[in-house]
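Notes follow once the structure below has been shown.
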Amino acid sequence: MFGRCINTYYIFVTALAFLLSSCTSKPALMPTPNVFLNTPYLESKVPVALRKTSMKLIYVTDRAVSQKVGQKYNAKRSSSMAYGIAKVNFEEPSLPWNELVAQSNAPKRSVDLGYVLEQTEELGRYPMSPYKFTQVQGRLSIDKSVQEKKQFHENELNKIVNDQLELSTNNDVILFVHGFNNTFEDSIFTLAGIWHFLQRQGVPIVYSWPAAAGGITGYFADKESGQFTIFHLKETLRALFNNPKIENMHIIAHSRGTDVVTTTLRELIIENRAAGGNPRQDLRIENLILAAPDLDFGIIKQRLMAEQFGPAFGKITIYTSQEDSALGLSQWLTNTISFGRLNTQDINVNEREIFKAAGNVSLIKVPTSNSFIGHDYFHSNPAVSSDLINLILYNAQPGSERRPLFKIENNFWLLNMDYLIAH
């Protein structure tokens with residue numbers, strides 16, 4: 001009987017690992033969002049210097065350097081945090097820019113837009129953590145030499161960000177944190193597509209943590225690595241918060257990446273408030289977007305809502321789907337309510353009042369999916385990606401003409417699959 005239970009457990013864990021994994025066999029530009037079927041993706045909206053097929057994204061990672069040919073970083077952990085530039089292009093070497101623009105307006109493409117990662121250039125590496133520190137009369141301070149190195153790399157990272165800001169027509173940063181079983185390359189390709197359809201506005205930054213351990217215990221290994229990476233993500237965000245040239249930050253987190261992000265931000269918000277700050281002003285996070293969050297709603301209530309998490313942001317947008325098979329299995333396995341499959345009846349009167357008081361939280365229900373697994377819909381589903389684009393580019397309110405969502409009740413909105421498709 002015990003052996004049968006163990007076998008059943010491993011079957012479900014293996015299924016969960018498969019469902020939560022990145023299952024795209026060939027990386028390619030995400031489908032054209034519905035928004036560009038009515039209002040074309042125009043060259044004139046893209047900054048002049050960025051009108052080329054290739055895309056350069058900034059990355060920060062605490063993955064270990066890989067010894068495998070053709071792979072820069074792997075799923076192992078590094079105690080030092082690296083940063084650099086990743087250059088994405090398309091497999092078709094002669095693809096002209098005007099053809100990419102045309103295909104960016106096409107619901108069905110006549111050209112294969114498969115990706116290649118042309119170059120990954122590491123430009124710097126922070127000191128190893130934990131940092132050496134000294135203690136004098138009960139006061140702690142980082143060792144001077146370590147602090148100097150850390151400050152040097154923070155300045156260098158922000159120089160790279162500022163160089164990219166010079167090319168943009170706004171001073172925003174789009175930071176993406178991937179989920180379980182995503183490789184370094186997966187995370188780069190995902191943000192490349194989103195940034196391309198954001199008309200290449202703002203500075204794209206990928207934070208890639210040591211996920212994709214693989215194997216039957218891979219989900220749990222990745223989950224622990226998500227805790228390992230918290231300090232490094234805090235260091236990354238502190239550097240960006242210290243950059244006065246950044247006006248707004250838009251943070252997109254997916255799947256297990258939502259736990260990494262919310263845990264990190266919770267600690268930074270508590271830290272900021274304890275120092276007498278105002279996190280809404282000091283952190284300048286306009287949008288926190290949690291896509292298919294692989295989070296226990298009970299933990300969300302006690303660790304985030306109880307800490308008055310919401311007022312620290314301009315808007316918090318949570319994309320949920322009852323058809324997310326991966327989160328459905330996770331929910332069954334843990335016997336919890338998954339935040340990514342939340343329903344109106346899962347929220348009690350007290351929690352409704354808290355959401356209402358925050359005033360900036362929107363839970364967007366995606367009723368259907370265009371894939372069997374339905375976990376990557378935030379970029380693979382043209383209706384959902386359209387809402388994401390209108391939220392970031394135009395700061396559009398839910399239910400407005402630009403974001404035609406239908407209010408269900410309280411903070412819940414329904415996103416239909418014909419979002420922005422003319423009838």
Strictly distance-based, threshold 3.5 Å: is any side-chain N or O of [X] a donor or acceptor partner for the main-chain N or O of [Y]?
| X | Y | value |
| --- | --- | --- |
| Ser386 | Val35 | yes |
| Asn171 | Asn248 | no |
| Asn181 | Tyr219 | no |
| Gln308 | Ala306 | yes |
| Arg403 | Gln397 | no |
| Arg125 | Ser80 | yes |
| His196 | Met30 | no |
| Ser129 | Tyr131 | no |
| Asn89 | Glu118 | no |
| Asp172 | Glu247 | no |

Looking at [Y] and [X], is any side-chain nitrogen of the basic one under 4.0 Å from a carboxylate oxygen of the acidic one?
| X | Y | value |
| --- | --- | --- |
| Lys223 | Asp294 | no |
| Glu307 | Arg266 | yes |
| Glu235 | Lys150 | yes |
| Glu154 | Lys149 | no |
| Arg238 | Glu271 | yes |

### Query
Taking the six-membered ring for Trp, are His232 and Phe228 parallel (under 30°), tilted (30 to 60°) or perpendicular (over 60°)?
perpendicular

Classify the side-chain pair [X]/[Y] by whether it contains a donor and acceptor separated by less than 3.5 Å.
| X | Y | value |
| --- | --- | --- |
| Asp62 | Thr229 | yes |
| Trp195 | Gln201 | no |
| Asp186 | Thr183 | yes |
| Ser78 | Arg63 | no |
| Glu353 | Asn350 | no |
| Gln227 | Asp259 | yes |
| Ser208 | His178 | yes |
| Asn155 | Gln151 | yes |
| Glu92 | Ser94 | yes |
| Tyr73 | Glu122 | yes |

So which atom in [X] and which in [Y] form the shortest heavy-atom distance, rounded to 0.1 Å?
| X | Y | result |
| --- | --- | --- |
| Ala192 | Leu57 | N-CD2, 3.7 Å |
| Asn182 | Ala211 | O-CB, 3.6 Å |
| Val46 | Tyr41 | CG2-OH, 3.6 Å |
| Ser104 | Thr32 | O-CG2, 3.1 Å |
| Tyr419 | Arg402 | OH-O, 3.6 Å |
| Ala312 | Ile269 | CB-CD1, 3.5 Å |

### Task
Could you please spell out the steps behind the side-chain contact (heavy atoms from CB on, under 4.5 Å) verdict for Leu37 and Asn105?
CA-CA 6 Å; Leu37 301 182; Asn105 289 306; over 6 Å; no

### Query
Under the criterion ring-ring contact (aromatic ring centres under 6.0 Å, His included), which of Phe184, Trp209, Phe176 is the partner of Tyr59?
Phe184

So do the side chains of [X] and [Y] get within less than 4.5 Å of each other, counting heavy atoms only?
| X | Y | value |
| --- | --- | --- |
| Tyr83 | Thr61 | no |
| Leu233 | Val60 | no |
| Glu224 | Arg77 | yes |
| Ser385 | Phe378 | no |
| Glu185 | Thr120 | no |
| Met249 | Glu286 | no |
| Leu113 | Leu100 | yes |
| Pro404 | Leu420 | yes |

Could you tell me the separation between the [atom1] atom of [X] and the [atom2] atom of [Y], rounded to the nearest 0.5 Å?
| X | Y | atom1 | atom2 | answer |
| --- | --- | --- | --- | --- |
| Leu175 | Leu237 | CG | CG | 6.0 Å |
| Ile318 | Leu363 | CD1 | CG | 4.0 Å |
| Phe220 | Phe180 | CZ | CZ | 9.0 Å |
| Ile246 | Asn158 | CD1 | CG | 6.0 Å |
| Tyr319 | Trp413 | OH | CH2 | 12.5 Å |
| Thr169 | Gln199 | OG1 | CD | 9.0 Å |

### Task
Start with the C-alpha gap between Thr317 and Ile364, add the side-chain angles, then the distance that decides, and say whether side-chain contact (heavy atoms from CB on, under 4.5 Å) holds.
CA-CA 7 Å; Thr317 303; Ile364 315 298; 3.8 Å; yes

### Task
Go through the steps to decide whether Lys87 and Met55 satisfy the test side-chain contact (heavy atoms from CB on, under 4.5 Å), and finish with yes or no.
CA-CA 6 Å; Lys87 184 179 179 183; Met55 294 174 272; over 6 Å; no

### Message
Which residue is it: Val361, Asn360, Val261? I am looking for the one with a side-chain contact (heavy atoms from CB on, under 4.5 Å) to Leu288.
### Response
Val261

### Task
Kindly state whether the ring of His375 and the ring of His254 have centres lying under 6.0 angstrom apart.
yes

How about [X]: does its [atom1] atom have over 12 heavy atoms from other parts shown lying under 6.0 Å from it?
| X | atom1 | answer |
| --- | --- | --- |
| Gln71 | CD | yes |
| Lys72 | NZ | yes |
| Glu409 | CD | yes |

### Message
side-chain contact (heavy atoms from CB on, under 4.5 Å) for Thr262 and Leu290? Distances and angles first, verdict last.
### Response
CA-CA 9 Å; Thr262 54; Leu290 307 178; 4.1 Å; yes

### Task
Using the salt bridge (charged side-chain N to carboxylate O under 4.0 Å, His left out) rule, take Glu121 and Lys56 through it: C-alpha gap first, then chi angles, then the decisive distance, then the call.
CA-CA 11 Å; Glu121 183 180 8; Lys56 289 185 178 181; over 6 Å; no

